[in-house]
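To start, the structure itself, in structure tokens.
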Number of protein chains: 2
Amino acid sequence: MAANKKARSNPPYELLYWPSIPGRGEFVRLAFEAAGVSYKDTANESEDGVKAVTTLISPDSTGTDGNPPPFAPPALRVPGEGPSGGPLLLYQTPSILSYLGPKLGLAGTNEAEAQWILSHTLTALDLNNETHDTHHPIAVAKYYEDQKEESLKKATDFRENRIPKFLGFFERVLKGNEKGEGKFLVGDKLSYADTTLWNVLSGLLFAFPKEMEARKGDYKLLFGTFYESVKEASGIKEYLASERRKPFSMGVFRHYPELDRQ
Amino acid sequence: MAANKKARSNPPYELLYWPSIPGRGEFVRLAFEAAGVSYKDTANESEDGVKAVTTLISPDSTGTDGNPPPFAPPALRVPGEGPSGGPLLLYQTPSILSYLGPKLGLAGTNEAEAQWILSHTLTALDLNNETHDTHHPIAVAKYYEDQKEESLKKATDFRENRIPKFLGFFERVLKGNEKGEGKFLVGDKLSYADTTLWNVLSGLLFAFPKEMEARKGDYKLLFGTFYESVKEASGIKEYLASERRKPFSMGVFRHYPELDRQ
């Protein structure tokens, strides 16, 4: 029920991101949902909400209300917190999460923990980006079909070298954080690093089901404890069962069987 | 002289990064140098200093002194600021910069500015990473020569689409920040976003001299004001004239004439 517990003492946070796909907006959604704090997901909540997103990244914009222009979605709008009491507009997923983290109780209990949480989040997002590049190794604006040959090479290296490197790293982080008992990357409570890594793992299981099935057993804490624990966390469990959670489709995480282990 | 003004009231910051190349460690070095705060650059300062870096990223490490293991260099060690009064160890360039930023006076004057500075830094580092991928589009662990064909395609897209997208964005940020008069991305003083973007531009001028020469004129604030201003900033100017500044060579920024505009 946490996701329905509208915390009205918070400002009316607004997420600006493409509709219908989880994408990079999902990392921000999961933070709100884990904290049980309400937010407006503009492009998913109204027919022409996507216009707010396209306006935001207009190639002519020099910013609005004293805020700089965002390079790309997601962006976060917070009424009353910006220059001269107007809206604050932030962009870049890790920046949005580092801003929200302490306010949502998802950034640990001291400065060191807050920085480690940001560091692990950045590493999980690097893995997210490398996953994207398996189907777009040459040009982000071209079709997968126009870079398929290169994708096959890139995905092979990603599966054979990068996936074990990243998963092995996070397994060691969990092992080293004894207080977390395998459930938390940092300390003994949920952070936005946990929800971020969880979503990337979830995406990898969707995009590379055979590869992940073959490797899961090597990372006992990551898949035996962490993954299931975050999935069942207060707020997250309810969110995943709701219609607000969009399925992976043709965003960062795509299931092209030819790119998976054969 | 700022670079020699050793601020002994600061903890003895230690940068752990590969020797001889600027690389991702350079973004951290530039922050210290701009602030005139001394730091130990272990791998560059002693014969076997590189061992401290390789030990740090040992594939068996679960962390040291209560700190998590770093995924990759750079890392920052701060004696006395970690768990139980031991050393604090941070990794991931944006996390290190967001930690140091307020302490070095390079993170703006309020929360909004601090977040924008982090956001722009992340965007400049995205450009840094995309530059790296022009010579390593398929596999980071393979030689350029083994992915040269794909590099030619990737670099073409990067030069034609990505460079103007990023440069156009930062030109608009400078234009929108009237207080900065073209010299600062955020507010009216130097931040680690400025030094970070400056280093990426510097690397692009090295890696793609013909492409950049042809495009520079389109970005009057970026190359007419910003680039020259940061280069002359207190601390930075002295650093660039010193032996501590390593030339670009075979790191992220490489000059392969065949990847440049023909």
Side-chain angles (χ1 to χ4, degrees), chain A residues 59-64 66-72 81-83 88 90-96 98-99 111-112 114-123 126 129 133 137-142 147 149-150 153-154 156-158 161-162 165-166 168-170 172-177 185-186, chain B residues 59-64 66-72 81-83 88 90-96 98-99 111-112 114-123 126 129 133 137-142 147 149-150 153-154 156-158 161-162 165-166 168-170 172-177 185-186:
Chain A
D60 299 318
S61 172
T62 55
T64 48
N67 294 281
F71 182 74
E81 299 291 329
L88 173 66
L90 300 179
Y91 79 104
Q92 274 277 8
T93 309
S95 180
I96 294 170
S98 80
Y99 171 83
E111 188 183 27
Q115 293 300 143
W116 296 330
I117 287 163
L118 177 57
S119 303
H120 297 328
T121 297
L122 288 159
T123 305
D126 283 347
N129 292 346
D133 290 352
I138 301 298
V140 65
K142 283 190 182 154
Q147 47 196 312
E149 198 185 323
E150 294 87 356
K153 289 188 194 177
K154 178 83 169 179
T156 302
D157 179 70
F158 179 72
N161 300 308
R162 303 303 286 172
K165 184 175 167 82
F166 278 98
F169 169 73
F170 284 116
R172 287 186 285 122
V173 171
L174 289 171
K175 201 170 170 191
N177 179 35
L185 289 167
V186 174
Chain B
D60 300 320
S61 172
T62 55
T64 47
N67 294 281
F71 182 74
E81 297 292 329
L88 173 67
L90 300 179
Y91 80 104
Q92 274 278 7
T93 310
S95 179
I96 293 171
S98 80
Y99 171 84
E111 186 183 28
Q115 292 302 142
W116 296 330
I117 287 163
L118 177 57
S119 304
H120 297 328
T121 296
L122 289 158
T123 305
D126 283 348
N129 293 346
D133 290 354
I138 301 298
V140 65
K142 282 189 183 154
Q147 47 197 314
E149 199 184 323
E150 295 86 355
K153 290 187 193 177
K154 178 81 169 181
T156 302
D157 179 70
F158 178 73
N161 300 307
R162 303 303 286 171
K165 186 175 166 83
F166 278 98
F169 169 74
F170 284 116
R172 286 186 284 120
V173 171
L174 288 172
K175 202 171 168 188
N177 179 37
L185 290 167
V186 174

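Note that this is a predicted model, so its numbers are computed, not measured. A note on names: the letters A, B, ... follow the listed sequences, proteins ahead of strands, and every chain is numbered from 1.
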Under 4.5 Å, counting heavy-atom pairs only, tell me which of A:Glu81, A:His120, A:Lys175 racks up the most with chain B. A:His120

Proximity breakdown for A:Pro83 and chain B, heavy-atom pairs closer than 4.5 Å: side chain

Can you sort out the partners of A:Arg162 under salt bridge (charged side-chain N to carboxylate O under 4.0 Å, His left out), two or more places apart, ordered by chain and number? A:Glu130

Chain B contact via A:Lys165 - which portion, at a heavy-atom distance below 4.5 Å: both

Heavy-atom contact with chain B under 4.5 Å, split by part of A:Gln147: neither

Do B:Gln92 and A:Leu118 have side chains that approach each other closer than 4.5 Å (heavy atoms only, starting at C-beta)? no

Of the listed residues (B:Ala112, B:Ser98, B:Gly82, B:Gly63), which shares the most heavy-atom pairs with chain A below a 4.5 Å separation? B:Ser98

Ranked by heavy-atom pairs below 4.5 Å to chain B, first place among A:Ile138, A:Asp60, A:Asn161 goes to A:Ile138

Check B:Pro137 against A:Lys154 and note the closest heavy-atom contact, atom names and distance. O-NZ, 3.0 Å

B:Leu88 versus chain A, heavy atoms under 4.5 Å apart: side chain, backbone, both or neither? side chain

List the residues meeting salt bridge (charged side-chain N to carboxylate O under 4.0 Å, His left out) with B:Lys153, not counting sequence neighbours, and say none if there are none. A:Glu150

Can you tell me which portion of B:Glu111 sits under 4.5 Å from chain A's heavy atoms? Options are side chain, backbone, both or neither. side chain

On a heavy-atom basis, the closest approach of B:Leu174 and B:Leu185 is CD2-CD2, 3.8 Å

Check whether A:Thr64 gets within reach of chain B through its side chain, its backbone, both or neither, counting any heavy atom under 4.5 Å. neither

When only pairs under 4.5 Å are counted, which of B:Pro94, B:Gly168, B:Ala72 shares the most heavy-atom pairs with chain A? B:Pro94

Sort out for me which of A:Thr121, A:Ile117, A:Leu90 touches chain B most, counting heavy-atom pairs under 4.5 Å. A:Leu90

May I ask you to check whether A:Phe71 and B:Phe166 place their ring centres under 6.0 Å from each other? yes

For the atom pair CG (B:Asp157) and CG (B:Asp133), what is the distance rounded to the nearest 0.5 Å? 11.5 Å

When only pairs under 4.5 Å are counted, which of A:Ala139, A:Gly176, A:Ala114, A:Ser95 shares the most heavy-atom pairs with chain B? A:Ser95

Measure distances from B:Ser61 to the heavy atoms of chain A and classify the residue's part below 4.5 Å as side chain, backbone, both or neither. both

Residue from A:Pro68, A:Gly66, A:Ser119 scoring the most non-hydrogen pairs under 4.5 Å with chain B is A:Ser119

Are any of the side-chain heavy atoms of B:Asn67 and A:Trp116 separated by less than 4.5 Å? yes

Mind checking the CG-CG spacing from A:Asp126 to B:Asn129? Nearest 0.5 Å is all I need. 7.0 Å

